[in-house]
Amino acid sequence: MDRTTGTVVVVGSSVGGVRTAQAMRTEGFTGRIVLVGQEADLPYDKPPLSKQLLAGTWDTDRITLLGTAAAEAAGIELRLGVGAARLDVAGRRIELADGTALGYDAVVLATGADARPSPWVAGSGVHVLRSLADATALRRDLGAQGPVVVVGGGFIGAEVAATARALDREVTVVDPLPAPIGRVIGDAVAEHVTTLHHRHDVATRFGVGVEDVRGRPGDLRVRLTDGTELDAATVVVGIGAIPNDAWLQDSGLLVDDGVVCDEHGRAPGSPDVYAVGDVARWYHPGLEKHRRVEHWTNAVEQAAVVAHNLVHPDDLRAHRPVEYVWSDQYDWRIQIVGRPGAATRHELLGDLDGAQARGAAVYTDDSGLLCGAVTVNWPKALVVCRRLMGTAATFDDAVAQLAGLPARRAASTS
């Protein structure tokens with residue numbers, strides 16, 4: 001029997017929570033929906049924080065996910081500026097940080113992930129980037145002069161480096177790995193990303209870590225593990241994220257690097273508790289193991305599945321996505337499908353060098369199947385790879401289909 005009435009509390013006001021609330025209305029839910037958000041800001045989109053918003057080319061209106069008027073029109077109550085403090089599963093209550101409580105018939109946990117805290121504190125000159133407040137503070141510091149040191153060569157670090165360089169700041173990226181985003185795309189392809197940063201005059205110190213950051217805002221010293229030191233006016237620390245699940249430790253739910261749930265997004269033993277987005281570690285039936293994915297697309301797709309399952313519990317759908325993430329750096333749009341990091345072999349097609357780069361890398365493992373792909377400025381190749389990833393295609397078939405696309409330089413309108 002469908003669940004179309006009652007009260008559903010969605011805890012978390014980022015994209016996973018917002019899209020779940022909106023999708024519930026699309027699925028026919030007519031009851032009360034309360035969206036709880038720790039931040040006082042209207043729900044906003046996070047990918048632009050390291051790019052357009054940080055660069056100052058967009059304002060906050062451009063990144064708003066759900067405005068007051070739209071929330072009212074959809075019948076979504078906003079409880080912003082107060083976080084969730086405790087989940088009482090037996091009592092079906094969410095206790096909030098201000099001492100109030102919300103009863104529910106079902107709850108969706110969408111509290112996302114926080115930036116892994118910086119181990120160094122040197123006034124406001126050391127930044128992490130996860131929230132609108134973080135981006136605003138960093139943007140203010142990037143408006144001054146002086147070198148920028150980015151600690152961490154993952155997506156956030158690489159994108160911040162590109163944005164800071166576009167603002168004409170001197171930038172150095174430091175990471176213990178040999179190349180940026182190498183954990184995701186493998187070192188061979190990541191070397192081309194290193195070349196991209198060098199082409200834009202970003203200095204890199206790879207294969208070395210950061211031991212300490214000292215000083216005061218505008219006058220910092222970054223000591224590396226090889227004994228050298230870097231001057232910095234601003235330091236940005238991008239060393240990963242941690243699921244925002246600490247408030248659930250006494251809930252009785254299984255919490256292990258996120259909220260553990262089944263392929264339908266439900267917490268085991270608590271059928272009225274769902275999880276979505278970065279905080280969810282769900283069972284992926286295709287991979288036959290639990291996964292926690294910190295990608296925007298995953299949050300959006302999982303929100304649609306959870307909303308359907310919550311409203312239609314007799315017609316459950318499994319969340320089995322083809323993983324997809326993108327990153328904009330300078331004049332490159334890097335798009336990644338599947339799990340290139342799990343590959344044992346890859347092949348490059350097209351051209352990943354120079355200002356007119358347009359190419360792709362496809363990956364396989366011991367199975368001989370296509371297990372991932374990375375495309376750069378080549379939309380048609382991305383479409384092919386995403387389609388093939390959903391059909392258990394072979395690596396050889398993927399290579400052949402990409403090789404059959406129009407030549408890179410002849411495909412400028414694709």
[X] and [Y]: which non-hydrogen atoms are nearest, and at how many Å?
| X | Y | value |
| --- | --- | --- |
| Ala71 | Leu66 | N-CD1, 3.8 Å |
| Ala84 | Val11 | CB-CG1, 3.6 Å |
| Gly152 | Val173 | O-CG1, 4.0 Å |
| Gly125 | Pro217 | N-CG, 3.8 Å |
| Ser118 | Val126 | OG-CG1, 3.6 Å |
| Thr111 | Asn244 | OG1-O, 2.9 Å |

Is there a donor-acceptor pair under 3.5 Å between the side chain of [X] and the backbone N or O of [Y]?
| X | Y | result |
| --- | --- | --- |
| Arg92 | Gly103 | no |
| Thr7 | Arg32 | no |
| Arg25 | Ala74 | yes |
| Thr57 | Gln52 | yes |
| Thr64 | Thr60 | yes |
| Thr30 | Thr4 | yes |
| Asp351 | Ala357 | no |
| Arg169 | Leu142 | yes |
| Trp58 | Pro48 | no |
| Arg358 | Gly350 | no |

Residues [X] and [Y] bridged, charged N to O under 4.0 Å:
| X | Y | value |
| --- | --- | --- |
| Arg79 | Glu77 | no |
| Arg292 | Asp245 | no |
| Arg205 | Asp226 | yes |

Criterion side chain to side chain donor-acceptor pair (under 3.5 Å) on His319 and Asn298, from CA distance to verdict:
CA-CA 9 Å; His319 179 50; Asn298 179 74; 2.9 Å; yes

Counting only heavy atoms from other residues, nucleotides and ligands, does the tally under 6.0 Å from [atom1] of [X] exceed 12?
| X | atom1 | value |
| --- | --- | --- |
| Arg183 | CZ | no |
| Glu39 | CD | yes |
| Glu72 | CD | no |

Do Gln329 and His200 have side-chain atoms, one donor and one acceptor, less than 3.5 Å apart?
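Their side chains do not contain a donor-acceptor pair, so the 3.5 Å distance test is not met.
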
Between the side chains of Ser327 and Glu159, is a donor N or O closer than 3.5 angstrom to an acceptor N or O?
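Checked: Ser327/Glu159 side chains pair up, N/O donor to acceptor below 3.5 Å.
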
At what distance, to the nearest 0.5 angstrom, does [atom1] of [X] lie from [atom2] of [Y]?
| X | Y | atom1 | atom2 | answer |
| --- | --- | --- | --- | --- |
| Asp328 | Gln335 | CG | CD | 8.0 Å |
| Asn309 | Asp262 | CG | CG | 8.5 Å |
| Glu301 | His295 | CD | NE2 | 11.0 Å |
| Ile94 | Leu102 | CD1 | CG | 7.5 Å |
| Asp250 | Arg86 | CG | CZ | 5.0 Å |
| Leu49 | Arg139 | CG | CZ | 13.5 Å |

Exactly one of Val10, Leu87, Val8 should register a side chain to side chain contact (heavy atoms under 4.5 Å, CB included) with Tyr104. Which one does?
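Of the listed residues Val10, Leu87, Val8, the side chain to side chain contact (heavy atoms under 4.5 Å, CB included) partner of Tyr104 is Leu87.
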
Considering the options Asp141, Leu220, Val174, which one meets the side chain to side chain contact (heavy atoms under 4.5 Å, CB included) requirement together with Val235?
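Exactly one option meets the side chain to side chain contact (heavy atoms under 4.5 Å, CB included) with Val235, and it is Leu220.
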
Between His264 and Tyr274, is the ring centre distance below 6.0 Å?
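Between Tyr274 and His264, which both carry aromatic rings, the centre distance is not below 6.0 Å.
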
Which word best sums up how the rings of His290 and Tyr283 line up, parallel for under 30°, tilted for 30 to 60°, or perpendicular for over 60°?
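Taking Tyr283 first and then His290, their aromatic rings stand perpendicular (interplane angle over 60°).
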
Pick out which of His312, Glu263, His308 makes a side chain to side chain donor-acceptor pair (under 3.5 Å) with Arg317.
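Of the listed options, the one satisfying the test is His308.
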
